[in-house]
Amino acid sequence: MNIQVDLQDSRSVEEYSAKIFAEEGLKLTEEDAKKFSFLYENKWIGITQYSHRLANGWTQSQEFVEILNENLEKAHTLEEATEALLTQMKLFGKQAVAEFVGVLCLLEAKANIHKNNDAIISEVRLMERSYFGYMKELVNSLNIDTNEDFSLIRPLNDEARGFIEWMFGVVDISLINRRELIKQALQSESYDELMLKLLITTRDLFEDASLLCGYLAVKLKLEEKYASLF
C-alpha cells in the first residue's frame with residue numbers, strides 16, 4: 001500500500017486506516033489480516049495477553065472505583081450519570097490504548113536496533129510477569145517519566161499528532177456506539193451488577209482498539225519516532 005499519510009492530520013490517518021479493511025468494512029483485508037496475525041502471534045508472542053490485562057485494568061483499579069462512585073453521587077439524572085461514566089471510560093480507554101501502542105513502538109524500535117526480536121523475546125520469557133516486568137525495566141532504563149500522563153506516546157506528540165487524535169477517536173467512537181448499553185447498566189439494582197454489566201458491555205472493546213492502533217502504528221513505522229530514546 002503506497003499511500004502518502006500526513007501523520008499530523010487525523011483525517012489523513014483515518015483515510016489510510018480505512019484501506020486496511022475489506023470492502024464490507026468489518027474485517028481486515030487478506031493481506032493485512034496475515035500481517036496482523038504475524039505481528040501478534042509470531043513476532044511478539046504473548047503480547048496479546050499484555051493488551052488484555054491493560055484493557056481490563058479498570059476492573060482491578062481502586063482509583064477507578066472511587067472516581068466512579070464520586071461521579072455517580074454528583075449526577076442528578078440518568079443522562080448525567082451516563083455522560084460521567086462515558087467520560088471516565090474514555091479516559092481509561094485512551095490511557096490503556098496509548099500505553100499499548102507506546103510499548104509496541106518501543107519493542108519495535110529496540111528490535112530494529114538489534115536487527116531482530118529473538119533476543120528480546122528470550123529476555124521477556126525470563127522476566128517475572130513477562131512483558132509487564134520487561135517493559136518496566138526497559139522504560140526505567142530509558143528514563144521515561146511514567147508519572148506523566150500518556151508518557152509512552154510522548155515521542156509521537158510532535159511528529160504524529162494526527163495519529164494520536166485518530167487513536168483517541170477510535171476509543172471515543174467505540175464507547176459512543178455502546179452508550180445505550182452503558183446507560184442500561186447504570187440502571188442495575190446493585191453496584192456489583194453494574195460492574196458486571198459494564199464488564200460485559202465493554203468486553204474486548206479496549207483490547208480490540210489497542211491491537212488495531214498498534215498494528216497501524218507499526219504499519220506506519222511509528223517506532224522510528226522512538227529510536228532516539230535508545
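Under the 3.5 Å distance criterion, the side-chain polar atoms of Asp9 are left unmatched by any main-chain donor or acceptor of Gly162. Of the possible donor and acceptor atoms, one in the side chain of Ser51 sits under 3.5 Å from a partner among the backbone N and O of Thr48. No donor-acceptor pair closer than 3.5 Å links the side chain of Arg125 to the backbone N or O of Ser130. The closest donor-acceptor contact from the side chain of Thr202 to the backbone of Leu205 lies at 3.5 Å or more, if one exists at all. The closest donor-acceptor contact from the side chain of Ser12 to the backbone of Asp6 lies under 3.5 Å.
For the pair Tyr215/Tyr40, a side-chain contact is recorded, criterion being any heavy-atom separation below 4.5 Å from C-beta on. Within the 4.5 Å cutoff, the side chain of Cys105 has heavy atoms near those of the Val101 side chain. Phe36 places none of its side-chain heavy atoms less than 4.5 Å from the side chain of Asp32. Counting heavy atoms from C-beta on, the side chains of Phe21 and Leu212 come closer than 4.5 Å. Proximity of Val13 to Leu216: side-chain heavy atoms (C-beta onward) are separated by under 4.5 Å at one or more points. Side-chain contact check for Val124 versus Ile45: every heavy-atom pair is 4.5 Å or farther apart. In this structure the side chain of Leu138 reaches within 4.5 angstrom of the side chain of Lys110, judged on heavy atoms. Here the side chains of Met135 and Leu107 are in contact, with some heavy-atom distance below 4.5 Å.
Here the CG-CG distance, from Leu229 to Asn143, works out to 10.0 Å after rounding to the nearest 0.5 Å. Atom CG of Leu72 is separated from atom CD of Glu80 by 11.5 Å, given to the nearest 0.5 angstrom. Taken from CG in Leu91 to CZ in Phe64, the straight-line distance is 9.5 Å, to the nearest 0.5 Å. Between atom CG of residue Leu142 and atom CG of residue Leu152 there is a gap of 10.0 Å, rounded to the nearest 0.5 Å. For the atom pair Leu156 CG and Lys225 NZ, the distance stands at 8.5 Å (nearest 0.5 Å). In this structure, CG on Leu198 lies 10.5 Å from CD on Glu193, to the nearest 0.5 angstrom.
Of all the heavy atoms in Lys219 and Ile20, the pair that sits closest is CE-CG2, 3.8 Å. Nearest heavy-atom pair, Phe230 versus Ala109, reported as atom, atom and distance to 0.1 Å: CE1-CB, 3.7 Å. For the pair Ile47 and Leu104, the tightest heavy-atom approach, listed with the atom from each and the gap, is CD1-CD1, 4.0 Å. Minimum heavy-atom separation, Ala98 to Phe150: CB-CD2, 3.6 Å. Heavy-atom minimum distance, Met195 versus Trp58: CE-CZ3, 3.4 Å. Minimum interatomic distance between Glu223 and Ala217 (heavy atoms only, all atoms of both residues): OE1-O, 4.2 Å.
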Exercise. Yes or no on side chain to side chain contact (heavy atoms under 4.5 Å, CB included) for Arg203 and Asn56, after CA distance, side-chain angles and deciding distance?
Worked result: CA-CA 8 Å; Arg203 182 173 52 198; Asn56 291 283; 5.9 Å; no
For this session: Would you please test Phe100 and Leu211 for side chain to side chain contact (heavy atoms under 4.5 Å, CB included) and show each step?
Result: CA-CA 8 Å; Phe100 180 78; Leu211 297 176; 3.8 Å; yes
Problem set entry | Derivation of the salt bridge (Lys or Arg N to Asp or Glu O under 4.0 Å) call for Glu15 and Lys19 | CA-CA 7 Å; Glu15 290 173 3; Lys19 301 297 183 181; over 6 Å; no
Problem set entry | Derivation and outcome, side chain to side chain contact (heavy atoms under 4.5 Å, CB included), residues Val170 and Cys213 | CA-CA 8 Å; Val170 170; Cys213 294; 4.3 Å; yes
For this session: Take Leu28 and Lys34 through the side chain to side chain contact (heavy atoms under 4.5 Å, CB included) test and state the conclusion after the steps.
Result: CA-CA 9 Å; Leu28 296 176; Lys34 290 179 180 178; over 6 Å; no
Exercise. After noting the C-alpha distance and the side-chain angles of Lys35 and Glu30, does the key distance pass the salt bridge (Lys or Arg N to Asp or Glu O under 4.0 Å) rule?
Worked result: CA-CA 9 Å; Lys35 292 179 178 178; Glu30 184 176 350; over 6 Å; no
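A donor and an acceptor atom, one from each side chain of Asn177 and Ser174, are nowhere located under 3.5 Å apart. Remark: the Trp44 side chain and the Glu108 side chain contain an N/O donor-acceptor pair separated by less than 3.5 Å.
Look at Arg179 and Glu83 and you find a salt bridge, because one of the NZ, NE, NH1 or NH2 atoms lies within 4.0 Å of a carboxylate O, short of that distance.
In Glu148, the CD atom is crowded: over 12 heavy atoms of neighbouring residues, nucleotides or ligands sit closer than 6.0 Å.
Note on Leu199: it clusters hydrophobically with Met89, by side-chain heavy-atom contacts below 4.5 Å among ILVMFWY residues. Grouping the Ile, Leu, Val, Met, Phe, Trp and Tyr side chains by contacts below 4.5 angstrom, directly or via other members, places Val65 with Ile182. Ile113 and Leu222 fall within a single hydrophobic cluster, where Ile, Leu, Val, Met, Phe, Trp and Tyr side chains are chained together by heavy-atom contacts under 4.5 Å.
Using cut-offs of 30° and 60° on the angle between ring planes, the pair Tyr50 and Phe132 is tilted.
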